[in-house]
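Everything on this sheet refers to the single structure shown next.
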There are 2 protein chains.
Amino acid sequence: MQEPSPTSRSSFLFLVKPHLKEAKDLLQDSFRRRDFVIISGNCRCHYHGRASSSLGWGERATIVKGDGSVQVHRPVGYEPVNWQPPRCMLSVSLEDSLLCIRAQRPKPRETLEIAYDDLMFVTSCKPVDRADFVLYVSEEQMRDALVSRPSMLEDGLEVIDFERKVDPGFIDFYGKDAQGRVVVVELKRKSAGKDAVLQLKRYVDAVNETVGVAVRGIVAAPGLRSGAQGTLAALGLEYKKLTPRACAQLLQKRKIKKISEFFEQS
Amino acid sequence: MQEPSPTSRSSFLFLVKPHLKEAKDLLQDSFRRRDFVIISGNCRCHYHGRASSSLGWGERATIVKGDGSVQVHRPVGYEPVNWQPPRCMLSVSLEDSLLCIRAQRPKPRETLEIAYDDLMFVTSCKPVDRADFVLYVSEEQMRDALVSRPSMLEDGLEVIDFERKVDPGFIDFYGKDAQGRVVVVELKRKSAGKDAVLQLKRYVDAVNETVGVAVRGIVAAPGLRSGAQGTLAALGLEYKKLTPRACAQLLQKRKIKKISEFFEQS
DNA sequence: GAGTGGATTTCGCAT
DNA sequence: ATGCGAAGTCCACTC
């Protein structure tokens, strides 16, 4: 990710106000090449499959991607009015002075027909895009979420402190469970590895020396790398799945962005 | 719907391989005019809001609609990789030789930043589209669905016959319920009105004269127009909601397209 | 405005 | 292949 922008750009074709025949020839080639195609003009649509729908004449933009997905976009509305998921059979033809585009899917059986009688433009290209998409929340956000609602990890869990200083470092979340046992939570934004488990163990040991009650250690992360599984069990520690998305969603609902706000509210 | 195609076409602007400055000026005007804009080129994206995400450099197409919705499409994948729902604040600027497009939404607070360093093309227009979108299944499809799974209307309901001839006409669905009572169903593709209720009453009366058990009458439709409500109650008839989508979904799952197939399977 | 349920949901991961 | 659950779900409808 964040790799430098390539210096060479992929080529593209574009037709402005083309005749239907001209567009049909381009689209046939483009569909065969699995190009990324955008068609803008006046069209009507018919869909038959999981349901049926019809859409009268109007000016819309159609996107056909190399994976065989299709979407027809009206001037307003986030979602496409008609669409077809990937892996479609694409065909184009001229029928009764209409440029007819068909996208068929075998399973489930469904068909989308888009008929243009007038075109603003048609573009065709093969975009180069090898970047990784990364969706995340910060470890701080995860901690905020957990502090604002400890029950998302376990019923009856309550917060005592967070970022609590102990000898080996800082404990992300420090609380007590429904049975009154102390709970030490190590948060990880990505899948937790053996290093996270060992770090948690050090915290648990440190807490064990200072408190007189039982101490539980929990790794809370979106996943647990295979190597960490055995270590976790051997050290008597636990793992609880905690996804960035769940945390982000909670923070959104609660409208809590910072820990300070939590303490003001509670 | 299906209204004749208008003879005059709305105008559009088309920039091919524009300089960033040139594109910025166009986009500022387009955003102010609430145009329908498509931008194609090399970009990177950052999103912060309900979650956070980053997407490195790659060639993608961005659609900005007049309602303030934004979507960034990669070469493959039905869904946009980044997006913003309608009612966004849009802004465009030149920063560090990048064309930066910002789409901000106040509630929930979230921001999408799209930075282009190279453009294939930019188009801007104001499409005219006043057509109605109609999603439907035929009454025949609804009947097929109900026959293939009467329980979608009520547990224990069984089919005896369909399109059954009685004196006033044809009964859509004829069956018996869990208590052995005869059930007469009148299907409607759209919201049922008083006419549908009265028609059902005639069927129920006709059946009442020929059978010795209690007869129930049910209007099954996606909705019930307000006027029909009172008539329904006065005549001792019932209404059950039955949506075209539920029927279409069932037909799809069961892979039953025609009644004949049902009898072959049963 | 918040809450609820549906969608031609789509999509990914588990079985 | 199939089924189940999550999603920055979106969206329409109800309270």
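Quick note on labels: first sequence line is chain A, next is B, and so on, each numbered from 1. Bear in mind the structure is a predicted one, so any value in this text is a computation, not a measurement.
Qualifying side chain to side chain donor-acceptor pair (under 3.5 Å) partners for Thr123(B), counting only residues two or more places apart in sequence or in other chains: none. Ser93(B) is linked by a side chain to side chain donor-acceptor pair (under 3.5 Å) to Glu95(B), counting only residues two or more places apart in sequence or in another chain. With sequence neighbours left out, Ala220(A) forms a side-chain contact (heavy atoms from CB on, under 4.5 Å) with Leu153(A), Val185(A), Leu187(A), Leu242(A). Under the side-chain contact (heavy atoms from CB on, under 4.5 Å) criterion, Glu238(B) pairs with Arg216(B), Ile218(B), Lys240(B), sequence neighbours left out. Scanning for salt bridge (Lys or Arg N to Asp or Glu O under 4.0 Å) contacts around Glu110(B) gives Arg50(B), Arg105(B), with sequence neighbours left out. Checked against salt bridge (Lys or Arg N to Asp or Glu O under 4.0 Å), Lys126(B) has the following partners two or more places apart in sequence or in another chain: Asp35(B). Partners of Ser53(A) according to the side-chain contact (heavy atoms from CB on, under 4.5 Å) rule, which considers only residues two or more places apart in sequence or in another chain, are Tyr47(A), Asn82(A), Phe133(B), Leu135(B). In terms of the side-chain contact (heavy atoms from CB on, under 4.5 Å) criterion, Arg87(A) has no residue partners (sequence neighbours excluded).
In this structure, Met152(A) atom CE and dA6(D) atom C1' are separated by 14 Å, rounded to whole Å. Between the CD atom of Glu110(A) and the C1' atom of dT8(C) there is a distance of 6 Å, given to the nearest Å. As a whole-Å value, the separation of Ile114(A) CD1 from dT8(C) P is 17 Å.
If you run side-chain hydrogen bond (donor to acceptor under 3.5 Å, both in side chains) between Glu113(B) and each of Arg102(B), His46(B), Gln104(B), only Arg102(B) comes through.
A close approach under 4.0 Å does occur between a side-chain nitrogen or oxygen of Arg50(B) and OP1 or OP2 of dT9(D).
Among the atoms of the strands shown, none is found under 4.0 Å from any heavy atom of Phe133(A).
Ring planes of Tyr136(B) and His48(A): perpendicular class, angle over 60° (limits at 30 and 60°).
The side chain of Lys107(B) lies closest to dA2(C), out of dA2(C), dT8(C), dG8(D).
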Pull out every protein N or O sitting under 3.5 Å from an N or O of nucleotides 13-15 of chain D, one pair per line with the distance.
none

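Annotation: dT9(C) and dG5(C) have their C1' atoms spaced 13 Å apart (nearest Å). dT8(C) and dT4(C): their P atoms are spaced 22 Å apart (whole Å).
Non-hydrogen atoms lying under 4.0 Å from DNA chain C are contributed by Tyr78(B), Glu79(B), all within residues 63-79 of chain B. Taking every heavy atom of residues 83-91 of chain B and every atom of DNA chain D, pairs under 4.0 Å involve Trp83(B), Gln84(B), Pro85(B), Pro86(B), by number.
Listed by first and then second residue, the salt bridge (charged side-chain N to carboxylate O under 4.0 Å, His left out) pairs that reach into residues 68-85 of chain A are Arg74(A)-Asp129(B), sequence neighbours excluded.
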